[in-house]
Amino acid sequence: MDELKEIGKILIKESEINTLAKYGIEVSHCTSTDEVLFLIDQFLNDSFDLLDEEYEELDFIASNLMERKYYGETHK
């Protein structure tokens with residue numbers, strides 16, 4: 001199973017960690033979800049030769065991270 005892991009304050013799946021590492025984004029060097037999201041955004045903005053599948057893969061991970069961040073920080 002691809003369970004959620006907590007790396008520092010970042011809640012992320014092992015598959016997402018591996019995918020981000022494939023693009024040179026090392027989650028273990030980040031201190032927050034915002035930092036990971038920034039690195040993804042920076043990578044997407046700087047890469048002009050990405051295939052649609054690669055862009056969608058990174059965009060999907062970013063969406064998942066934003067959703068986890070939202071629900072983790074929202075107090076009801």
Side-chain angles (χ1 to χ4, degrees):
M1 295 255 298
D2 194 18
E3 296 181 19
L4 288 172
K5 296 175 68 171
E6 193 167 358
I7 298 179
K9 296 181 179 180
I10 305 165
L11 196 58
I12 191 165
K13 291 183 177 183
E14 187 69 37
S15 62
E16 294 169 336
I17 294 169
N18 295 335
T19 300
L20 291 173
K22 180 172 77 172
Y23 296 104
I25 300 169
E26 294 296 329
V27 176
S28 61
H29 297 146
C30 298
T31 58
S32 68
T33 301
D34 286 333
E35 187 175 353
V36 178
L37 291 169
F38 174 79
L39 292 174
I40 292 171
D41 190 49
Q42 188 175 33
F43 181 85
L44 291 174
N45 287 335
D46 293 344
S47 299
F48 298 105
D49 58 346
L50 279 181
L51 300 173
D52 287 342
E53 296 84 26
E54 294 171 321
Y55 179 89
E56 289 170 6
E57 184 176 46
L58 289 169
D59 187 55
F60 182 72
I61 292 171
S63 294
N64 287 339
L65 289 170
M66 285 186 283
E67 185 175 329
R68 285 185 209 122
K69 179 179 181 259
Y70 172 79
Y71 285 109
E73 293 180 358
T74 302
H75 302 286
K76 297 179 181 181

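Just so you know, residue 1 is the first one in the sequence shown, and it goes up from there.
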Apply the test side-chain contact (heavy atoms from CB on, under 4.5 Å) to residues L11 and L65: give CA-CA distance (whole Å), side-chain angles for both, the deciding distance (0.1 Å), then the verdict.
-> CA-CA 8 Å; L11 196 58; L65 289 170; over 6 Å; no
Could you check E26 against L20 for side-chain contact (heavy atoms from CB on, under 4.5 Å), going step by step and ending with a plain yes or no?
-> CA-CA 7 Å; E26 294 296 329; L20 291 173; over 6 Å; no
What distance separates N64 CG from I12 CD1, expressed to the nearest 0.5 Å?
-> 9.5 Å
Nearest 0.5 Å please: distance from the NE2 atom of H29 over to the CD1 atom of I7.
-> 10.5 Å
Report the C-alpha distance between F43 and L50 in whole Å, list the side-chain angles of each, state the deciding distance to 0.1 Å, and finish with yes or no for side-chain contact (heavy atoms from CB on, under 4.5 Å).
-> CA-CA 10 Å; F43 181 85; L50 279 181; 4.0 Å; yes
Connected via hydrophobic side-chain network under 4.5 Å: [X] and [Y]:
X: L58; Y: M66; value: yes
X: L4; Y: I61; value: no
X: I40; Y: F60; value: no

Side-chain contact, heavy-atom cut-off 4.5 Å: T19 with I25?
-> no
Go through the structure and list residues passing salt bridge (Lys or Arg N to Asp or Glu O under 4.0 Å) with D41, not counting sequence neighbours.
-> none
Identify, with sequence neighbours excluded, every residue that meets side-chain hydrogen bond (donor to acceptor under 3.5 Å, both in side chains) alongside [X].
X: D59; value: none
X: S63; value: none
X: S28; value: none

Contacts of F38 that satisfy ring-ring contact (aromatic ring centres under 6.0 Å, His included) - sequence neighbours left out = none
Taking every heavy atom of L37 against every heavy atom of A62, the minimum-distance pair comes out as CD2-O, 3.5 Å
What pair of heavy atoms forms the shortest contact from L51 to E54, and how long is it?
-> N-OE1, 2.8 Å
For the pair S32 (side chain) and E35 (backbone), establish whether a donor and an acceptor sit closer than 3.5 Å, ignoring hydrogens and angles.
-> yes
Pair listing, salt bridge (charged side-chain N to carboxylate O under 4.0 Å, His left out) test, anchored in residues 5-18, at least two apart | K5-E14, E16-R68
